[in-house]
Amino acid sequence: MTREIEAFLFHEARLLDDALYQDWLALFTDTAWYWVPIQPRQDNPFDTVSIIYDDRKLMETRVRRLCNENIHAQSPPSRTSRIIGNVVMGSSDHTGGSNECDILISSRFQMVEFRHDDQRLFAGAQTHGLVCDGGGYKIGWKRVDLVNCDAMMEGITVPF
Amino acid sequence: MIVGENKRRSELANDSGIEGLVQPGRVHRRVYTDPTIFEIEMERLFGQSWLYVGHESQVSNAGDFFCTRLGREPVVLVRHGTGDKNGGDIKVLFNRCGHRGAKVVATEGGSASEFRCCYHGWTYATDGRLISVPVRQGYPDGTVDIADSAYGMQAVPRVASYRGFIFASLSVTGPSLTDFLGHMTTSFDDLVDRAPDGEIEVAGGIARHAYRGNWKLIFENVNDGLHPLSVHLSSIEAARAQDDAVWSDGAGEIGIRQMRQNGAPLEFWDRQVGLWAYPFGHSYLGDYHDDEKLAVARQNPSFQDYIEIMEAKKGGERARQILGVTRWNTNIYPTISFMSQFRQLRVIQPVAVDRTDVLGFCFRLKGAPEKMFRDTIQFANVTNASASPVLTDDLETYDRLRGGLESSGNDWVTMSRGLGRDVADGHGGLQAENGLSELHIRNMFDSWSSYMAGG
């Protein structure tokens with residue numbers, strides 16, 4: 001099962017690297033949330049700001065914007081390459097709050113992003129709450145803890 | 001005054017040709033691109049003006065401290081205890097050891113009973129007084145006198161606050177804070193008066209974003225009523241197409257409403273939004289007649305609870321007066337831009353001529369429903385976070401400005417929208433013909449010229 005889960009995470013990363021944002025969004029449940037905290041060990045996205053905190057509605061708008069031809073922040077688009085590793089099932093420091101899930105996955109990622117003559121590296125831990133869906137999985141929630149979460153950073157347009 | 005400063009200033013001024021850079025309705029591109037101009041700004045503008053430091057709630061208890069910058073200079077905002085645990089005096093100290101010049105306080109914020117330098121252990125009280133030096137006897141008589149304030153963490157020359165907003169000046173002389181703020185004290189009042197308990201507090205962490213571009217660009221942009229339709233087109237269209245029946249826990253409601261609002265037609269900015277500018281470069285956008293559009297908070301169900309609380313605490317008449325003020329962004333030149341509708345304040349910090357850091361703070365209104373603070377957080381995420389679907393298009397625009405202004409194809413940058421059509425507003429300032437005017441930019445450059453001329 002671990003191999004299947006890993007394959008799922010690799011597939012998610014590949015969709016993002018290929019900028020197939022609508023297909024990426026389709027991996028999430030209808031009540032999903034997506035969270036990139038701004039503080040290490042941030043407790044929740046309601047009493048503290050975040051780099052990203054999207055409920056499903058905001059996720060859909062974010063993705064639609066990414067696919068909009070008028071998006072200046074992706075003209076030209078970023079080019080990315082992600083590596084997912086250290087996948088561990090069933091344990092995490094984090095929970096999904098009200099979003100109950102069947103499987104909890106913690107993993108590590110690194111993402112290189114190239115745009116406007118600059119290449120930058122992001123890295124950190126990610127936690128997925130997955131639900132079993134037919135023969136596969138859907139993401140009930142995803143939390144991304146960047147190593148540099150509270151750094152002063154230029155704009156981030158491509159999700160992690 | 002540092003010895004030699006006068007000579008260096010005049011050398012810089014002669015070499016840079018500041019005169020003539022600002023003309024009616026246009027400014028020379030060098031003000032955005034020339035590192036020499038930037039250095040003079042650090043001395044003559046940031047070195048003279050009142051600069052925002054923080055809010056008193058960031059240092060509520062004795063020993064609380066917060067590190068920030070005034071211009072490029074690292075400082076510590078600290079509450080110096082006077083013996084009992086509560087109360088104490090606000091101090092703003094240069095974050096620099098009196099010995100060899102190391103930064104004494106290395107963390108961004110916290111609480112301390114004293115400050116100790118990592119290098120040789122020189123120790124300071126929280127008001128900057130030097131209280132202990134190892135191997136004192138090693139310094140010949142007269143070279144290190146622990147009682148001499150010159151060896152302490154130096155205090156920034158002037159510190160003053162208005163209703164809890166703390167400002168400091170690197171210059172010993174100049175107008176008082178009250179004179180500097182002038183009519184803009186009413187924008188701070190607009191924010192603080194909205195708290196049922198009469199107090200606000202910084203809360204919810206700091207949203208940071210940096211951009212490649214000059215520090216003046218963000219001030220020019222936040223009170224620019226024309227840019228949203230073009231810059232934010234992708235998020236406007238994305239938000240408009242969003243199905244409202246999709247699940248939301250509130251984050252989507254606030255964010256999407258704001259994105260849609262950026263798509264208000266030009267007639268709205270022309271006829272319903274005003275722009276006002278004041279001495280020292282300040283300005284604000286607002287006073288729209290149809291407050292259902294921009295004052296989105298009113299559409300929020302919890303707002304009704306809030307109105308009832310305000311009426312109970314302040315009386316119906318006063319509550320209506322307070323809530324009737326409809327201002328959007330207020331710029332206090334050259335360091336902050338803030339707005340009361342969602343309790344946001346941005347601190348703009350220049351790093352280099354083509355690099356700027358911005359810190360976004362949120363406020364909680366004491367006594368208001370907690371849902372309003374939750375809305376404040378969600379609003380900050382959509383407008384101030386580095387991954388904001390709205391802000392990222394502004395940041396891209398600033399970078400393109402930086403890039404385009406490197407071209408020598410045209411030395412002049414226009415700022416003539418609404419030129420000559422301003423009227424006196426009765427509070428010492430000017431009212432622009434409409435919310436599409438560039439009055440605020442011209443006003444900032446008027447102030448800029450005055451500072452840069454050295455007086």
Side-chain angles (χ1 to χ4, degrees), chain A residues 28-39 42-76 78 97-99 115-118 144 146 148-160, chain B residues 108 203-212 230-239 241-256 259 349 351 357-360 362 370 373-374 376-378 380-382 384-389 391-397 399-400 403:
Chain A
F28 288 78
T29 66
D30 291 342
T31 56
W33 51 259
Y34 174 65
W35 184 24
V36 184
I38 207 166
Q39 290 176 354
Q42 185 170 334
D43 180 67
N44 69 77
F46 306 116
D47 64 16
T48 303
V49 296
S50 299
I51 293 174
I52 298 176
Y53 177 68
D54 287 354
D55 53 23
R56 171 79 198 200
K57 197 168 176 180
L58 204 37
M59 273 189 86
E60 289 187 6
T61 298
R62 183 183 293 274
V63 166
R64 190 174 302 108
R65 175 195 172 232
L66 281 167
C67 301
N68 185 297
E69 61 183 356
N70 299 302
I71 180 172
H72 308 304
Q74 284 290 284
S75 306
S78 299
S98 57
N99 269 15
R115 184 171 186 267
H116 269 341
D117 302 322
D118 258 359
V144 179
L146 298 175
N148 66 340
C149 55
D150 55 0
M152 178 61 72
M153 287 188 261
E154 292 176 25
I156 294 171
T157 307
V158 176
F160 301 104
Chain B
E108 184 176 66
I206 305 173
R208 298 172 212 268
H209 61 266
Y211 66 87
R212 301 180 198 190
S230 176
V231 173
H232 300 305
L233 185 54
S234 63
S235 53
I236 291 167
E237 290 183 343
Q242 180 59 44
D243 177 356
D244 285 329
V246 171
W247 177 77
S248 167
D249 62 11
E253 310 297 348
I254 297 290
I256 286 157
M259 286 186 248
Q349 294 182 337
V351 177
D357 288 348
V358 180
L359 291 82
C362 293
E370 190 57 19
F373 182 65
R374 192 169 156 141
T376 292
I377 295 295
Q378 301 307 338
N381 289 345
V382 167
N384 266 336
S386 55
S388 152
L391 179 66
T392 39
D393 284 326
D394 290 309
L395 303 182
E396 171 71 10
T397 302
D399 186 33
R400 292 193 194 183

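This one's a predicted model, so the numbers in the text were calculated from it and none came from an experiment.
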A/Met152 vs B/Val351, test: side-chain contact (heavy atoms from CB on, under 4.5 Å). Steps then yes/no. CA-CA 12 Å; A/Met152 178 61 72; B/Val351 177; over 6 Å; no
Does the side chain to side chain donor-acceptor pair (under 3.5 Å) test come out yes or no for A/Arg65 and B/Thr392, once each step is laid out? CA-CA 11 Å; A/Arg65 175 195 172 232; B/Thr392 39; 3.0 Å; yes
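Proximity to chain A (any heavy atom under 4.5 Å) is restricted, for B/Val358, to the backbone atoms N, CA, C and O. At a 4.5 Å heavy-atom cutoff, the contact between A/Pro45 and chain B is made by backbone atoms alone. For chain B, the nearby parts of A/Arg56 are the backbone and the side chain; heavy atoms of each come within less than 4.5 Å. Proximity to chain A is limited to the side chain of B/Leu395, based on heavy atoms less than 4.5 angstrom apart.
For the pair B/Asn381 (side chain) and A/Ser50 (backbone), a donor-acceptor distance under 3.5 Å is present. Under a 3.5 Å cut-off, the side chain of B/Arg208 and the backbone N or O of A/Asp150 do form a donor-acceptor pair. A donor-acceptor contact shorter than 3.5 Å is absent between the side chain of A/Glu154 and the backbone of B/Ala210.
Within the 4.5 Å cutoff, no side-chain heavy atoms of B/His209 are placed close to those of A/Met153. With contacts defined as side-chain heavy-atom distances shorter than 4.5 Å, the pair A/Thr48/B/Ile377 does not qualify. At least one side-chain heavy atom of B/Asp399 sits less than 4.5 Å from a side-chain heavy atom of A/His116. Taking the side chain as every heavy atom from C-beta outward, B/Arg400 and A/Ser75 approach each other to under 4.5 Å. A 4.5 Å side-chain heavy-atom check between A/Ile38 and B/Ile206 finds every atom pair outside the cut-off.
Remark: B/Glu237 does not engage A/Arg64 in a salt bridge, criterion side-chain N to carboxylate O under 4.0 Å.
For the residue pair A/Asn70/B/Ser234, the side-chain donor-acceptor check at 3.5 Å is not satisfied.
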